[in-house]
Amino acid sequence: MKERLFLYDTTLRDGQQTQGVQFSTDEKCRIARTLDALGVDHIEGGWPGANPTDSAFFETAPKTRARLTAFGMTKRAGRSAENDEVLAAVLNAKTRSVCLVGKTHDFHVTTAMGITLAENVENIAKSIAHVAREGREALFDAEHFFDGWKADPAYALDCLVAAHLAGARWIVLCDTNGGTLPHEIGEITAEVIARGIPGTALGIHTHDDTGNAVAGSLAAVDAGARQVQGTLNGLGERCGNANLTTLIPTFLLKEPYASRFETGVTAEALTGLTRASRLLDDILNRVPRKAAAYVGASAFAHKAGLHASAILKDPATYEHIDPALVGNIRVIPMSNQAGQSNLRRRLSEAGLEVPEGDPRLALILDEIKTREGEGYSYDGAQASFELVARRILDRLPAFFEVKRYRVTVERRKNRYDRMVSQSEAVVVVKVGGEKKLSVSESRDAEGRDRGPVNALWRALAKDLGLHQPYIDDMKLVDFKVRITNGGTEAVTRVIIDSEDGQGRRWATVGVSPNIVDASFEALLDAVVWKLVRDGAPVSGKA
């Protein structure tokens with residue numbers, strides 16, 4: 001039988017310590033539901049009593065299969081566990097599981113806390129015993145454990161033994177400063193087990209300050225630890241925590257873990273991993289990291305023609321797993337390195353079957369290479385590439401025609417005598433023989449200026465007649481600008497990432513000496529590509 005490996009997510013607590021990250025209560029609830037659907041065993045919701053958001057979350061938290069866990073610290077010296085109001089606030093959250101953090105490094109005990117080593121051990125034991133008597137599952141986060149072990153292994157172990165004997169279900173070895181290397185984590189974890197703490201009661205909590213958080217977690221599991229703590233997308237303080245988005249598929253799909261362990265994540269739930277990763281980035285208003293393992297947009301992208309040719313014969317030639325297993329997709333980017341096999345594969349994925357040797361393939365490649373020489377880049381703008389190919393193949397419908405557009409930018413003093421800017425855009429389109437004029441300004445509902453490109457987008461998307469229902473769920477999620485030539489002949493490249501209501505994303509590119517014109521070209525491509533993909537009604541050929 002397979003051994004059970006337990007997954008503990010701390011996105012809502014440790015992840016919230018990321019610089020610039022602050023979840024609302026509603027956002028924490030959304031993330032908790034997503035984590036529960038994924039199949040983690042514990043969801044650490046925060047520190048009740050530490051701030052209003054965490055307290056509100058525990059009052060309104062969704063019902064989950066996963067064990068919702070409240071986080072806090074061991075009691076303070078000089079008072080009983082029953083009379084420590086900080087500990088009481090954690091227990092009052094009424095969660096099935098409670099995780100308490102305590103010091104295990106003698107330096108921190110005497111210097112940071114200013115108490116004796118014996119007092120600290122007593123605080124750990126009595127706090128864990130109090131949680132256990134309350135009928136809760138008790139977890140002990142052994143803070144700075146690996147540094148503490150290196151300084152004084154006997155004392156660090158005393159802290160663990162105190163928690164274990166007091167009734168802790170899990171004792172979590174924390175590499176709080178993130179400086180312990182994987183081989184050290186493996187050796188120390190194995191030694192802890194050899195000295196009497198069972199691996200079935202040991203967890204691992206690593207930080208990524210050396211870029212080794214995932215490797216350190218694997219080393220601990222190899223040594224015998226059976227709980228792994230981490231966060232979605234590696235969110236966390238400083239350089240982040242161990243990335244569960246990387247660890248989960250590794251445990252399910254890679255040997256020896258796949259054969260040896262089972263987790264609460266099913267193969268079906270694993271297909272939602274990419275979506276869960278991108279949902280978190282969407283909540284944080286961040287652009288997903290394209291190079292992220294397993295779930296990144298470039299994780300299964302094959303740019304070189306030689307690679308794409310091999311992928312066409314057998315994906316295993318350049319892919320370590322089937323991307324569909326984690327809800328991702330294979331991408332064959334188009335660039336000036338592309339060959340015909342690469343091109344045909346990419347066209348086929350877009351539903352455009354072109355026979356081998358068709359002279360139009362050479363025309364498409366020539367067009368791509370010419371455009372990239374002018375500053376375009378299609379390896380990061382697949383939707384625009386597809387539109388180029390469709391035009392040459394005469395398979396691009398004419399949905400609407402832009403007759404003209406105008407953008408004005410004004411800067412003036414407001415009623416508070418402050419200089420503010422505002423843009424206004426006018427777009428005239430012809431849809432089904434009818435001209436439509438739309439006007440929009442750049443200020444949002446809160447009165448903040450969102451710039452001329454935002455005004456353009458809002459005007460373009462305001463009224464496309466019979467096509468309007470197809471773009472109502474569309475939004476712009478990223479806007480990247482690069483100057484491809486310097487000096488007075490500078491050319492601007494704009495790449496826009498768009499997303500629909502189902503979380504599907506696509507990228508388009510525009511190039512012009514004028515940044516607004518380049519932006520509008522990318523906007524147009526984004527709208528047209530969505531209309532093509534969703535099968536919007538047409539009125540002719542482009």
Side-chain angles (χ1 to χ4, degrees), residues 297 301 303 308 329-336 338 340 342-354 358-403 405 427 429-431 453 456-457 460-461 464 467-468 470-471 474-480 491-500 504-512 517-542:
K303 181 175 179 179
I329 60 172
R330 180 177 302 118
V331 176
I332 307 295
M334 294 311 304
S335 73
N336 57 14
Q340 285 206 10
N342 189 338
L343 175 59
R344 291 184 64 238
R345 176 60 177 265
R346 179 65 187 89
L347 293 174
S348 177
E349 290 176 349
L352 300 170
E353 299 296 338
V354 183
D358 190 310
R360 293 176 298 177
L361 293 172
L363 292 177
I364 295 172
L365 285 175
D366 287 343
E367 181 69 11
I368 293 297
K369 292 175 181 180
T370 297
R371 283 173 165 259
E372 291 205 338
E374 296 170 351
Y376 289 85
S377 177
Y378 291 102
D379 61 340
Q382 295 299 298
S384 285
F385 152 73
E386 185 182 324
L387 297 182
V388 170
R390 283 183 173 274
R391 288 187 186 98
I392 292 174
L393 295 171
D394 196 28
R395 296 178 66 176
L396 180 64
F399 296 106
F400 61 91
E401 178 185 3
V402 176
K403 305 300 291 184
Y405 78 86
V427 177
V429 297
K430 189 175 182 181
V431 185
V453 175
L456 261 179
W457 161 243
L460 176 64
L464 284 182
H467 307 312
Q468 193 62 35
Y470 294 87
I471 66 168
M474 180 178 164
K475 63 179 180 179
L476 310 184
V477 293
D478 193 26
F479 178 84
K480 297 180 284 288
V491 174
T492 302
R493 177 197 301 148
V494 170
I495 294 180
I496 290 177
D497 288 351
S498 304
E499 183 179 85
D500 66 10
R504 296 175 294 190
R505 295 194 178 205
W506 63 100
T508 51
V509 61
V511 170
S512 171
D517 199 45
S519 302
F520 193 67
E521 181 183 7
L523 286 173
L524 281 178
D525 273 8
V527 172
V528 171
W529 186 84
K530 188 174 191 301
L531 295 177
V532 170
R533 188 200 66 189
D534 291 355
V538 300
S539 57
K541 295 274 186 168

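The shown structure was predicted, so the numbers you read here are calculated from the model rather than taken from an experiment.
- Surrounding NZ of Lys480 are more than 12 heavy atoms belonging to other residues, nucleotides or ligands, all under 6.0 Å away.
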Could you give me the CA-CA distance, side-chain angles and deciding distance for Phe520 and Ser512, then say whether side-chain contact (heavy atoms from CB on, under 4.5 Å) is met? CA-CA 10 Å; Phe520 193 67; Ser512 171; over 6 Å; no

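- Note that the CH2 atom of Trp506 and the CD atom of Gln382 stand 14.5 Å from one another [nearest 0.5 Å].
- Residues Arg493 and Ser377 are in side-chain contact: their nearest non-hydrogen atoms beyond the backbone lie under 4.5 Å apart.
- Checked against side-chain contact (heavy atoms from CB on, under 4.5 Å), Glu499 has the following partners two or more places apart in sequence or in another chain: Asp282, Lys475, Val477, Arg505.
- In this structure, Phe399 and Val528 approach most closely via the heavy-atom pair CE1-O, 4.1 Å.
- Under the 3.5 Å distance criterion, the side-chain polar atoms of Ser384 are left unmatched by any main-chain donor or acceptor of Thr508.
- Ring pair Phe400/His467 is tilted by interplanar angle, where 30° to 60° counts as tilted.
- Contact record, Ala461 with Ile471: CA-CD1, 3.9 Å, taken as the closest heavy-atom pair.
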One pair to check against side-chain contact (heavy atoms from CB on, under 4.5 Å): Val491 and Glu374. What are the steps and the verdict? CA-CA 8 Å; Val491 174; Glu374 296 170 351; over 6 Å; no

Would Tyr470 and Asp500 count as a side chain to side chain donor-acceptor pair (under 3.5 Å) if you check the C-alpha gap in whole Å, the side-chain angles of each, and the deciding distance to 0.1 Å? CA-CA 10 Å; Tyr470 294 87; Asp500 66 10; over 6 Å; no

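- For the pair Arg391 and Glu367, the minimum side-chain heavy-atom distance is 4.5 Å or more.
- At a threshold of 4.5 Å between non-hydrogen side-chain atoms, the residues Phe385 and Leu347 count as touching.
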Can Val453 and Leu523 be said to form a side-chain contact (heavy atoms from CB on, under 4.5 Å), step by step? CA-CA 9 Å; Val453 175; Leu523 286 173; 4.3 Å; yes

